[in-house]
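All figures in this text were calculated on a predicted structure; none of them were measured in a lab. Any value given below was found using the heavy atoms of this structure, including those in side chains, with hydrogens, waters and symmetry copies removed.
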Amino acid sequence: MSRRAAPKERVKFWRDPALRGLEMLHATYVTYAFSRHAHEGFGIAIVESGAMEFDYRGASHIAPPGSVVITHPGEMHTGHAVLETGWTYRTLLPAIDWLQQAAKELSECSGAIPYFSSPVIQDKCLNQKLVNLHRTLETSPSSLEKESRFLWGLTQLVHGYASNRPQIKSVGKENYSVQQVREYLHCHYTRNISLDELARLTNLSPFRLLRAFRKQIGLPPHAYLNHVRVHQAKTLLAEGHPIAEAALATGFADQSHLHRHFKKMLGVTPGQYVQGCRLIAVR
């Protein structure tokens, strides 16, 4: 009878310049144990499997799979595996002003630093949302998508679990601002547009712009931008341009980036679409 191989430790760390140097980690730790340490900003740990035990604020805590751990800036804590199989998690280390901005965006008034009374949040839905966010930040080439999803995720975290949670100010129908953004995306779809750029254009806060655009259009700006790009690429492909050329000409990072969004939106791959266009042409 063969024995199951022991899990291996692996670590991937990176910083994202599109998010002001946000530090991120995706790791599996088995025997490794963190010594007492603190972060300059907040620590957000998203436990995917296994369980992590840590000392924080004079008590010992266990974070099971599906949970989220929040540590405050400057607060000492440790970290080690509960089981011999270790634990796998993803972390976000946002500076204080990121969470402060999220709180300010919710109420559109002076943002206090959010306070989380419990370091362990046992909410599998929140955990999955943050896992998906982390994966997007790891793989997406779009600054607009990363900024939008990151700010949206932080506001959900603050509104749902901060002890001093702000009340969300209702959003109206900012028709002119939304139309401005739509026209801007149609004119500049080849560029790597940022959320701050759109906020300055409309003189709205980034989060208010996200909410107003989503409410009126049914999609966030980054998804609408992909919609514009796919339809522009569709036109080029129908005219006979190569797929790789169409991808770069419409603002996608590469052919696979176009392929993913094209299939998701239209139900066929760019190659299948080109083949269908050729069949019509030869009839």
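- Looking only at side-chain heavy atoms (C-beta outward), Gln232 and Phe252 stay at 4.5 Å or farther from each other.
- Two residues are said to be in side-chain contact when any heavy atoms from C-beta on lie closer than 4.5 Å; Met24 and Glu138 fail this criterion.
- Note on Leu25 and Ile46: separate hydrophobic clusters, where clusters join Ile, Leu, Val, Met, Phe, Trp and Tyr whose side-chain heavy atoms are under 4.5 Å apart, directly or indirectly.
- If you take CD on Gln179 and CD1 on Ile217, they are separated by 7.5 Å, rounding to the nearest 0.5 Å.
- Between Asp55 and Ser60, the closest side-chain pair of non-hydrogen atoms falls below 4.5 Å.
- A centroid separation of 6.0 Å or more is found between the aromatic rings of Phe213 and His222.
- With a 4.5 Å cut-off on side-chain heavy atoms, Gln128 and Lys124 do not count as touching.
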Using side chain to side chain contact (heavy atoms under 4.5 Å, CB included), reason through Leu144 and Leu198 one step at a time and then give a plain yes or no. CA-CA 9 Å; Leu144 180 58; Leu198 298 181; 3.9 Å; yes
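- In this structure, Phe116 CZ and Thr71 OG1 are separated by 10.5 Å, a value rounded to the nearest 0.5 Å.
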Carefully, step by step, assess Val69 and Ile44 under the rule side chain to side chain contact (heavy atoms under 4.5 Å, CB included). CA-CA 6 Å; Val69 175; Ile44 303 173; over 6 Å; no
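- Closest approach of Val158 and Pro114 over heavy atoms only: CG2-CG, 4.0 Å.
- The main-chain N or O of Thr31 is found under 3.5 Å from a side-chain atom of Glu9 such that the two form a donor-acceptor pair.
- Looking only at side-chain heavy atoms (C-beta outward), Ile113 and Leu99 stay at 4.5 Å or farther from each other.
- The two residues Leu92 and His134 have their closest heavy-atom pair at CD2-CD2, 3.6 Å.
- Atoms CZ and CZ, on Arg135 and Arg149 in that order, are 12.5 Å from each other to the nearest 0.5 Å.
- Side-chain N or O atoms of Asn127 include none that pairs as donor or acceptor with a backbone N or O of Val68 at under 3.5 Å.
- Taking a 6.0 Å sphere around CD of Glu40, one finds it holds 12 or fewer heavy atoms contributed by other residues, nucleotides or ligands.
- Distance check: Leu137 CG to Glu145 CD gives 9.0 Å after rounding to the nearest 0.5 Å.
- Checking Arg90, Lys12, Arg15 one by one against Glu23, the salt bridge (Lys or Arg N to Asp or Glu O under 4.0 Å) holds for a single residue, Arg15.
- Of all the heavy atoms in Ile121 and Leu126, the pair that sits closest is CG2-CD2, 3.9 Å.
- Considering only residues two or more places apart in sequence or on other chains, Ser49 meets the side chain to side chain contact (heavy atoms under 4.5 Å, CB included) condition with Thr88.
- Aromatic ring orientation, His261 versus His257: perpendicular (interplanar angle above 60°, classes split at 30° and 60°).
- In this structure, the ring of Phe262 has its center no less than 6.0 angstrom from the ring center of His259.
- Checking side-chain atoms of Ser140 against main-chain N and O of Thr136 turns up no donor-acceptor pair under 3.5 Å.
- The aromatic rings of His77 and His39 sit tilted relative to each other, their planes meeting at an angle between 30° and 60°.
- Side-chain atoms of Glu53 never come within 3.5 Å of backbone atoms of Val82 as a donor-acceptor pair (strictly under, hydrogens ignored).
- Under the 3.5 Å distance criterion, the side-chain polar atoms of Arg229 are matched with a main-chain donor or acceptor of Tyr189.
- Side-chain atoms of Glu147 come within 3.5 Å of backbone atoms of Leu195 as a donor-acceptor pair (strictly under, hydrogens ignored).
- By the criterion of side-chain heavy atoms lying less than 4.5 angstrom apart, applied directly or through intervening Ile, Leu, Val, Met, Phe, Trp or Tyr residues, Val274 is grouped together with Val268 in one hydrophobic cluster.
- Listed for the Gln272 side chain is a donor-acceptor partner under 3.5 Å among the backbone atoms of Thr269.
- Taking OG1 from Thr250 and NZ from Lys234, the interatomic distance works out to 13.5 Å, rounded to the nearest 0.5 Å.
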Using the side chain to side chain contact (heavy atoms under 4.5 Å, CB included) rule, take Phe150 and Asp16 through it: C-alpha gap first, then chi angles, then the decisive distance, then the call. CA-CA 12 Å; Phe150 185 52; Asp16 194 331; over 6 Å; no
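- Aromatic ring orientation, His72 versus Phe42: tilted (interplanar angle from 30° to 60°).
- Relative orientation of the Phe34 and Tyr29 rings is perpendicular, given thresholds of 30° and 60° on the angle between their planes.
- A search for side chain to side chain contact (heavy atoms under 4.5 Å, CB included) contacts involving Glu84 returns nothing, not counting sequence neighbours.
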Check the pair Glu174 / Gln216 against side chain to side chain contact (heavy atoms under 4.5 Å, CB included), numbers first and verdict last. CA-CA 8 Å; Glu174 287 83 354; Gln216 192 166 328; 5.7 Å; no
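- No single ILVMFWY cluster, assembled from side-chain heavy atoms under 4.5 Å apart, contains both Phe54 and Met76.
- At least one side-chain heavy atom of Ser163 sits less than 4.5 Å from a side-chain heavy atom of Ser117.
- If you check the side chains of Ser256 and Asp254, you find a donor sitting under 3.5 Å from an acceptor.
- When every heavy atom of Arg208 is checked against every heavy atom of Glu105, the shortest pair comes out as N-OE1, 4.0 Å.
- Follow the hydrophobic side-chain contacts under 4.5 Å out from Leu83 and you never reach Tyr89; the two are in separate clusters.
- Residues Ala103 and Ala112 share a closest heavy-atom pair of CB-O, 3.8 Å.
- Nearest heavy-atom pair across Val120 and Ser67 is CG1-CB, 4.2 Å.
- Aromatic ring orientation, Phe207 versus Trp152: tilted (interplanar angle from 30° to 60°).
- When the side chains of ILVMFWY residues are joined at heavy-atom separations under 4.5 Å, either directly or via intervening members, Met52 and Val30 end up in two distinct hydrophobic clusters.
- For the pair Pro206 and Gln101, the minimum side-chain heavy-atom distance is below 4.5 Å.
- The distance from the CG atom of Leu236 to the CD1 atom of Ile243 is 12.0 Å, given to the nearest 0.5 Å.
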